[in-house]
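In the text below, chain A, chain B and the rest are named by the order of the sequence lines, each starting its count at 1.
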Amino acid sequence: MLVRFGYVAMSVNVANASPSKTMTATQFAKLADREAALRKLERIAEENIHNTLRLLKHNRAHDIHVFRFSSKLIPLLTHPATEGWDPFPHLSPSFTELGDYAIKHAMRTSFHPDHFTVLTTPREEVLRASLFDLSQQTRMLEAMGLDDRSKCNIHIGGTYGDKVTALARFRSRFPELPSAVRSRLTLENDDKTYTALETLQFAEELGVPMVLDLHHHQVNPGEGEPPEELWPRVQRTWEGTSLPPKIHVSSPRSERDIRAHADYVEPAPLLHFLHSIAGFAPQLDIMIEAKQKDAALFKLVDDLAREKGIRRIDGATLEVVRRI
DNA sequence: ACCTGTCAAGTCTGG
DNA sequence: CCAGACTTGACAGGT
């Protein structure tokens with residue numbers, strides 16, 4: 001089984017390369033000249049996109065083929081204060097350059113909208129904002145020229161005291177989504193509300209791929225089945241996408257603070273999981289969610305490469321040798 | 001140069 | 001009905 005590793009949005013190794021620079025809404029409102037303020041937002045966005053390209057070049061130099069874009073590439077993009085603003089014409093060349101690079105080097109990229117994107121919400125205005133958020137993230141991927149193998153990964157959302165009704169709302173909204181949004185959606189189990197099994201069942205029902213988060217499953221295990229037991233079904237949700245299945249890994253920051261992400265990733269639980277599923281999956285992509293970002297990636301790959309049954313292919317790719 | 005409180009957004013809990 | 005926690009990188013305003 002070939003395993004590729006990726007990380008989220010920013011690097012601790014590349015200096016001054018934030019892809020999430022912003023302007024607060026308060027500052028935006030203070031500027032008397034709205035047009036000038038919007039031009040300033042566009043300049044910040046351009047810088048964020050440029051820094052993201054620098055990160056992709058860093059990734060290429062280190063064999064990293066999996067990457068999640070910052071969801072804050074364009075500051076205040078979906079804020080009410082900027083209503084009517086369309087930054088895309090201005091940003092089009094930058095987005096194209098970024099997307100071209102990702103395509104040329106066969107990088108798997110994605111977005112992960114913030115937890116304010118909730119398709120289970122009973123509130124009309126929250127739903128509207130969520131749909132707008134998804135459409136804008138989709139639009140960014142389109143501006144980069146990336147096809148629907150670049151996904152927008154979200155959680156199912158809240159329960160509002162009634163999971164069945166909440167899921168019913170999501171279910172009824174799903175067919176109404178623009179197909180460009182729908183075809184990029186993936187669902188991830190969360191750390192409090194929807195367990196891996198519940199997310200899997202719902203993903204199967206909707207026919208969308210599921211991203212299995214091992215850390216979330218550890219802190220929100222539901223019936224408590226080991227992740228490898230769910231794996232054959234999770235993997236099946238990726239059939240027909242021409243993408244390897246993707247999982248998220250991270251480790252608890254501490255015993256007291258079990259949900260928060262630690263600086264680095266403990267190799268042992270992941271190693272166990274990888275050996276358990278190596279017979280099922282020819283390929284797997286792993287998104288590392290750790291405070292130390294790409295430094296955590298390099299450390300984890302190094303740690304795993306020392307283990308029995310693991311062979312290093314390059315700086316960010318391992319082969320898990322199937323044990324017979 | 002460095003420090004600290006604050007920041008657009010939602011949901012849940014508890015008062 | 002409202003306040004606070006959750007979580008997070010970066011701003012804003014200060015020294």
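When the P atom is used for both C:dA12 and B:dA8, the distance is 9 Å, rounded to whole Å. With P as the reference atom, C:dG4 and B:dG5 are 16 Å apart, rounded to whole Å. A distance of about 23 Å separates the P atoms of C:dG9 and B:dT11, rounded to the whole Å. C:dA3 and B:dT6 have their P atoms separated by 15 Å, given to the nearest Å.
Taking the six-membered ring where the residue is Trp, A:Phe298 and A:His58 present perpendicular rings, their angle passing 60° and hence far from 30°. Ring geometry for A:His261 against A:His215 counts as tilted: the plane angle lies between 30° and 60°, on a 0 to 90° scale.
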Pairs of donor and acceptor atoms involving the side chains of residues 73-93 of chain A, under 3.5 Å and at least two apart or interchain, shall be tabulated with distances.
from    : atom 1 : to       : atom 2 : distance (Å)
A:Thr78 : OG1    : A:Asp133 : OD1    : 3.1
A:His79 : ND1    : A:Ala81  : N      : 2.8
A:Thr82 : OG1    : A:Leu76  : O      : 2.7
A:Thr82 : OG1    : A:His79  : O      : 3.0
A:Trp85 : NE1    : A:Glu42  : OE2    : 2.9
A:Asp86 : OD1    : A:Phe88  : N      : 3.0
A:Asp86 : OD1    : A:Arg139 : NH1    : 3.3
A:Asp86 : OD1    : A:Arg139 : NH2    : 3.4
A:Asp86 : OD2    : A:Arg139 : NH2    : 3.2
A:His90 : NE2    : A:Glu46  : OE1    : 3.3

Report all side-chain donor-acceptor pairs from residues 103-111 of chain A shorter than 3.5 Å, counting only partners two or more places apart or in another chain.
from     : atom 1 : to       : atom 2 : distance (Å)
A:His105 : ND1    : A:Arg60  : NE     : 3.0
A:Arg108 : NH1    : A:Pro244 : O      : 2.7
A:Arg108 : NH1    : A:Asp285 : OD2    : 2.7
A:Arg108 : NH2    : A:Pro244 : O      : 3.3
A:Thr109 : OG1    : A:Ser150 : OG     : 2.9
A:Ser110 : OG     : A:Lys246 : NZ     : 3.4

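A donor-acceptor pair shorter than 3.5 Å cannot be found between the side chains of A:Asn189 and A:Thr199. Under the 3.5 Å distance criterion, with hydrogens and angles disregarded, a donor-acceptor pair is assigned to the side chains of A:Asn59 and A:Tyr7.
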Strictly under 3.5 Å: I want the nitrogen or oxygen pairs between protein and nucleotides 5-15 of chain B, one per line.
from   : atom 1 : to       : atom 2 : distance (Å)
B:dA8  : OP1    : A:Ala25  : N      : 2.6
B:dA8  : OP1    : A:Thr26  : N      : 3.2
B:dA8  : OP2    : A:Thr26  : OG1    : 3.1
B:dA8  : O4'    : A:His79  : NE2    : 3.0
B:dT11 : OP1    : A:Thr121 : OG1    : 3.1
B:dT11 : OP1    : A:Tyr160 : OH     : 2.5
B:dT11 : OP2    : A:Arg123 : NH1    : 3.2
B:dC12 : OP1    : A:Thr159 : N      : 2.6
B:dC12 : OP1    : A:Thr159 : OG1    : 3.3
B:dC12 : OP1    : A:Tyr160 : N      : 3.3
B:dC12 : OP2    : A:Tyr160 : N      : 3.3

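With sequence neighbours excluded, no residue satisfies ring pair (Phe, Tyr, Trp, His ring centres under 6.0 Å) with A:Trp238. Checked against side-chain contact (heavy atoms from CB on, under 4.5 Å), A:Asp191 has the following partners two or more places apart in sequence or in another chain: A:His216, A:Val219, A:Arg259. In this structure A:His272 satisfies the side-chain contact (heavy atoms from CB on, under 4.5 Å) test together with A:Glu228, A:Ser276, sequence neighbours excluded.
Here side chain to side chain donor-acceptor pair (under 3.5 Å) pairs that include residues 17-26 of chain A, with residues two or more places apart or in two chains, are A:Ser20-A:Ser70.
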Secondary structure of DNA chain B in dot-bracket form (Watson-Crick or G-U wobble, distances below 3.5 Å, | marking inter-strand pairs): |||||||..||||||
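A:Lys21 comes within contact range of the sugar-phosphate backbone alone, with a heavy-atom separation under 4.0 Å but no base atom that close.
Read 5' to 3', the first and last nucleotides of DNA chain C with an atom closer than 4.0 Å to a heavy atom of chain A are C:dT7 to C:dG13.
Here A:Val12 sits alone; no ILVMFWY side chain lies under 4.5 Å from its own, so it joins no hydrophobic cluster. As a member of the Ile/Leu/Val/Met/Phe/Trp/Tyr network built from side-chain separations under 4.5 Å, A:Leu185 groups with A:Leu119, A:Leu127, A:Leu131, A:Leu134, A:Ile154, A:Ile156, A:Leu167, A:Phe170, A:Phe174, A:Leu177, A:Val181, A:Leu187, A:Tyr194, A:Phe202, A:Leu206, A:Val208.
Distance check, rounded to the nearest 0.5 Å: NE2 of A:His217 to NE2 of A:His248 gives 15.5 Å.
A heavy-atom distance below 4.0 Å to DNA chain C is reached by these residues of residues 248-262 of chain A, ordered by number: A:Arg259, A:His261.
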